Visitor: 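Here's a structure for you.
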Amino acid sequence: MNTTRRGLLFVLSSPSGAGKTTITRRLLADDPSLSMSVSVTTRPPRDGEVDGRDYHFIDKRAFDDLIATHALLEYAQVFEHWYGTPLAPVEQALEDGRDMVFDIDWQGAKQVRGRLPNHIVSVFILPPSMTELHDRLRRRAKDSEKVVITRMAKAVDEVSHYDEYDYVLVNNDLEQALVEVKSILSAERLKRTRQLWLVSFVAKLLGPN
Ligand code: 5GP
């Protein structure tokens, strides 16, 4: 166990289309010490998605095996597919005192909160309006109108859980939202309880010199 710092699990949730993926990518690009949790999913890959980078794409049988062997930290059904967070990389990150980012829905956030309450920091990203969200979903050429309707219904459900999160921001402007997300991360990293090295540092500071 790393005795220098307590790693945090930085959970970002939002309805699809609220900009979470872009914010997450930028956050990771700007901070190489962060690693992304790559989920397993039974959803087929979209154009441009890479197995092992965006998701581990697996079938339902393999997914059920992971559940049965307790290999998932959390899992949930979102739309008609299953999604889950592999447990081993999370345990390794906590062991090493590293921070991880999670793009998971409210059901997953709730399970992580239940299992690792001392490590989770959760952020909910709201769209400026549901009309704006609808427009953003429609602009994504890859989503058909039927998919847009399903995602809007899910968005309403997702947003209703905003009050279970530690932090909430409105993504009016991507750059501003990114600054806010980074500020949350910086402040959380400075929490006394995460800085395990402080005890010996202060003891030395106050000790005979
Ligand atoms: P998409 O299919 O658009 O990539 O993701 C759909 C939803 O599933 C998003 O809200 C995303 O946050 C959520 N999701 C992705 N991976 C996981 C996971 O491992 N666990 C849970 N609970 N939700 C996930």
Side-chain angles (χ1 to χ4, degrees), residues 9-28 35-60 62-67 69-91 93 100-116 119-127 130 133-134 136-162 164-165 167-169 171 177 181:
L9 308 178
F10 202 50
V11 172
L12 298 171
S13 299
S14 77
S16 302
K20 176 183 49 180
T21 309
T22 317
I23 291 173
T24 310
R25 281 205 188 124
R26 291 276 303 274
L27 188 66
L28 289 163
S35 53
M36 183 76 198
S37 165
V38 180
S39 297
V40 290
T41 183
T42 61
R43 165 170 83 59
R46 295 194 189 113
D47 280 353
E49 282 184 333
V50 177
D51 187 37
R53 184 194 71 183
D54 299 293
Y55 283 104
H56 300 289
F57 296 99
I58 60 175
D59 61 21
K60 183 67 168 65
F63 194 94
D64 287 341
D65 280 349
L66 292 176
I67 298 174
T69 54
H70 308 284
L72 299 179
L73 169 62
E74 62 76 34
Y75 62 92
Q77 188 174 12
V78 186
F79 309 114
E80 68 271 38
H81 299 294
W82 289 86
Y83 296 80
T85 301
L87 178 60
V90 178
E91 286 181 331
M100 269 189 113
V101 182
F102 300 76
D103 172 346
I104 59 178
D105 81 333
W106 70 268
Q107 306 175 84
K110 190 172 175 177
Q111 294 170 53
V112 179
R113 208 172 287 125
R115 287 187 69 170
L116 296 163
H119 291 279
I120 185 173
V121 175
S122 61
V123 182
F124 197 92
I125 303 168
L126 287 169
M130 293 315 260
L133 188 74
H134 191 240
R136 284 191 204 171
L137 288 179
R138 282 229 313 251
R139 279 200 297 271
R140 277 191 192 174
K142 45 193 162 188
D143 289 343
S144 71
E145 188 54 33
K146 189 166 156 266
V147 172
V148 171
I149 291 168
T150 318
R151 285 184 179 248
M152 279 307 287
K154 167 70 180 161
V156 171
D157 176 48
E158 190 76 24
V159 167
S160 72
H161 291 275
Y162 82 95
E164 296 162 21
Y165 285 71
Y167 299 90
V168 181
L169 57 99
N171 184 13
V181 168

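Order of appearance sets the numbers: ligands from 1, and atoms from 1 within every ligand. Here the structure is a predicted model, which means the values were calculated and not measured. Computed over heavy atoms, backbone and side chain alike; hydrogens, waters and symmetry mates excluded.
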Visitor: My understanding is that only residues two or more places apart in sequence, or in another chain, count here; which of them pass salt bridge (Lys or Arg N to Asp or Glu O under 4.0 Å) with Asp65?
Guide: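 Not a single residue meets the salt bridge (Lys or Arg N to Asp or Glu O under 4.0 Å) criterion with Asp65.
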Visitor: Check Leu133 against Gly17 and note the closest heavy-atom contact, atom names and distance.
Guide: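 Heavy atoms only, the tightest pair is CD1-C, 3.5 Å.
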Visitor: Whether Arg151 engages the ring of Phe79 as a cation-pi pair (distance to the six-membered ring centre under 6.0 angstrom, angle to the ring normal within 45°) should be assessed.
Guide: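 Yes, a cation-pi geometry.
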Visitor: Which protein residues have a heavy atom closer than 4.0 Å to any atom of ligand 1, listed by chain and number?
Guide: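 Those residues closer than 4.0 Å to ligand 1 by some heavy atom are Lys20, Ser39, Arg43, Arg46, Tyr55, Glu74, Ala76, Val78, Phe79, Tyr83, Gly84, Thr85, Asp103, Ile104, Asp105, Gly108, Arg151.
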Visitor: Contact between His134 and Leu137 at the side-chain level, heavy atoms closer than 4.5 Å - yes or no?
Guide: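 No; the side chains remain at least 4.5 Å from each other.
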Visitor: If the condition is salt bridge (Lys or Arg N to Asp or Glu O under 4.0 Å), which residues does Arg25 pass it with, not counting sequence neighbours?
Guide: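 Arg25 satisfies salt bridge (Lys or Arg N to Asp or Glu O under 4.0 Å) with no residue once adjacent residues are dropped.
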Visitor: For residues 107-114, tabulate all N or O donor-acceptor pairs below 3.5 Å that involve a side-chain atom, not counting sequence neighbours.
Guide:
| residue | atom | partner | partner atom | Å |
| --- | --- | --- | --- | --- |
| Gln107 | NE2 | Gln77 | O | 3.1 |
| Gln107 | NE2 | Asp105 | OD2 | 2.7 |
| Gln111 | OE1 | Tyr75 | N | 3.2 |
| Gln111 | NE2 | Tyr75 | O | 2.8 |
| Gln111 | NE2 | Gln107 | O | 3.2 |
| Arg113 | NH2 | Glu164 | O | 3.1 |

